[in-house]
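Heavy-atom basis, side chains included; hydrogens, waters and symmetry copies ignored. One-based numbering along the sequence shown.
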Amino acid sequence: MLAGATAAVLVALLAACSGGGDDAGASSVEMARQDVAEEMDGVAADEGGDTSSSGEDDRQVVQTGDVYVAVADPHEAVRQVVALVERVEGRVDDRYERAGTEDDPGSARLTIRVPAGTVDEVTAELDRIGVVEELTISREDVTAAAEDLDARISATEVSVARMEDLLSRARTNADVIAAEEALTQRQSNLEQLRSERARVADRVALSTLHVELYPPAGTPVAQAGPRTFLDGLGSGWAGLVGAARATLVVVGVLLPWAAAVALVVVPVVLVRRSRRRRAAAAAPAPAAPVGDPA
């Protein structure tokens, strides 16, 4: 079909180039340009719809999975998973780690991309790193979409080549401008199609696995508390230091308020004492008792 379309386009080009006169030639070039565009669009549509010729060996499948792994030490397991991915020539797209505490060993989450042929090997290796408690692998057949993109890319490449030829044969400014616009549009479409095809190829070549790493359920947590004399001494000293720090913090918080209260209360107390002294000094002395005459 593509060969027939190409032959028809060549006939149109020859007819356009053999016309007499500049004006007639320019009109023929414009008509030929339109014929090329319509013919190539028709070829792209026909080729894109024909995807029945693919065999089982040519199927293109995108694999995506979720793996939940129970591990004793999530952070050590992360390093092992990264080493595994590097060994199979994959890559780590996302990585998240949560630090552990006394009550929680922590957890980790990774998004890894591995070659499609190594998915079974990677999942088996993950089961050696820890215990795979849940595994889900989904497969999406994108053969039809890939073949459609391939056909559209081929047709667009032919259309670009024909438009470049028309541009070289254009004689008037109007034809040059029209041919350049059409060529730019087809080149842009070609780049978009190639980018989309590259994304599909990447998804087919590298499968995506979301790996969750977490401690097993019921993992015993170390009980905090002293077990020996030295542990008790250390805990007591730590408690004393903590209490002293807490006391200093409280004093630091209350000290500004105490100073503010003192600025108000001290003058009031001094004034009251001063008034009492003055009142005591101004009071008349008591008369001496009159005795019986001797």
Side-chain angles (χ1 to χ4, degrees), residues 1-55 57-64 89-91 93-94 113 115-116 140-208:
M1 182 180 294
L2 184 58
T6 305
V9 172
L10 291 176
V11 172
L13 289 173
L14 292 175
C17 296
S18 61
D22 293 340
D23 295 339
S27 300
S28 298
V29 170
E30 178 63 24
M31 293 178 61
R33 182 184 68 80
Q34 295 177 357
D35 291 341
V36 169
E38 295 174 358
E39 191 67 28
M40 291 303 103
D41 291 341
V43 171
D46 294 339
E47 293 294 333
D50 184 12
T51 59
S52 60
S53 60
S54 298
D57 295 339
D58 297 331
R59 309 306 294 178
Q60 301 189 46
V61 179
V62 175
Q63 298 183 99
T64 306
E89 298 182 353
R91 70 172 188 262
D93 280 357
D94 295 311
R113 304 288 306 281
E140 178 186 1
D141 192 332
V142 295
T143 305
E147 291 181 347
D148 177 69
L149 287 171
D150 290 337
R152 292 168 64 186
I153 288 172
S154 298
T156 306
E157 288 174 345
V158 173
S159 179
V160 168
R162 298 296 178 262
M163 289 308 304
E164 290 175 345
D165 184 68
L166 283 177
L167 179 61
S168 65
R169 296 171 182 271
R171 295 294 180 268
T172 65
N173 292 335
D175 285 340
V176 170
I177 294 173
E180 287 180 345
E181 291 178 353
L183 178 60
T184 300
Q185 181 180 2
R186 279 161 175 73
Q187 288 175 336
S188 176
N189 292 338
L190 180 59
E191 293 302 322
Q192 292 178 359
L193 291 172
R194 286 174 174 171
S195 298
E196 186 175 353
R197 184 64 179 89
R199 287 193 294 269
V200 173
D202 178 73
R203 293 177 61 202
V204 172
L206 294 177
S207 299
T208 302

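Each of Val200, Val204, Asp141 was evaluated against Val62; a single residue qualifies, Val204, per the side-chain contact (heavy atoms from CB on, under 4.5 Å) test. Checked against Glu157 for a salt bridge (Lys or Arg N to Asp or Glu O under 4.0 Å), the options Arg152, Arg194, Arg186 give a single hit: Arg194.
A donor-acceptor pair under 3.5 Å is absent between the side-chain atoms of Thr208 and the main chain of Arg113, judged by distance alone. Using modelled atom types, one side-chain atom of Ser168 and one backbone atom of Asp165 make a donor-acceptor pair closer than 3.5 Å. Judged by distance alone, the side chain of Thr184 and the main-chain N or O of Glu180 form a donor-acceptor pair under 3.5 Å.
Pairing each heavy atom of Thr143 with each of Gln60, the nearest pair is OG1-N, 2.7 Å. The nearest pair of heavy atoms linking Ile153 to Leu190 is O-CD1, 3.8 Å. Across all their heavy atoms, Ala116 and Ser207 have their closest contact at CA-OG, 3.5 Å.
A salt bridge does not link Arg169 with Asp175: none of the charged nitrogens is closer than 4.0 Å to a carboxylate oxygen.
Counting heavy atoms from C-beta outward, Leu183 and Val160 have side chains that approach closer than 4.5 Å. Residues Arg91 and Leu206 are in side-chain contact: their nearest non-hydrogen atoms beyond the backbone lie under 4.5 Å apart.
The structure places OG1 of Thr64 at 6.5 Å from CZ of Arg203, a figure rounded to the nearest 0.5 Å. Here the CG atom belonging to Leu149 is positioned 11.0 Å from the OG atom belonging to Ser195, to the nearest 0.5 angstrom. The CG atom of Leu167 sits 11.5 Å away from the CD atom of Glu181 when rounded to the nearest 0.5 Å. From Thr156, atom OG1 reaches atom CE of Met163 across 13.0 Å, with rounding to the nearest 0.5 Å.
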query = Where do Leu193 and Arg197 land on the side chain to side chain contact (heavy atoms under 4.5 Å, CB included) test, with the steps shown first?
reply = CA-CA 6 Å; Leu193 291 172; Arg197 184 64 179 89; over 6 Å; no

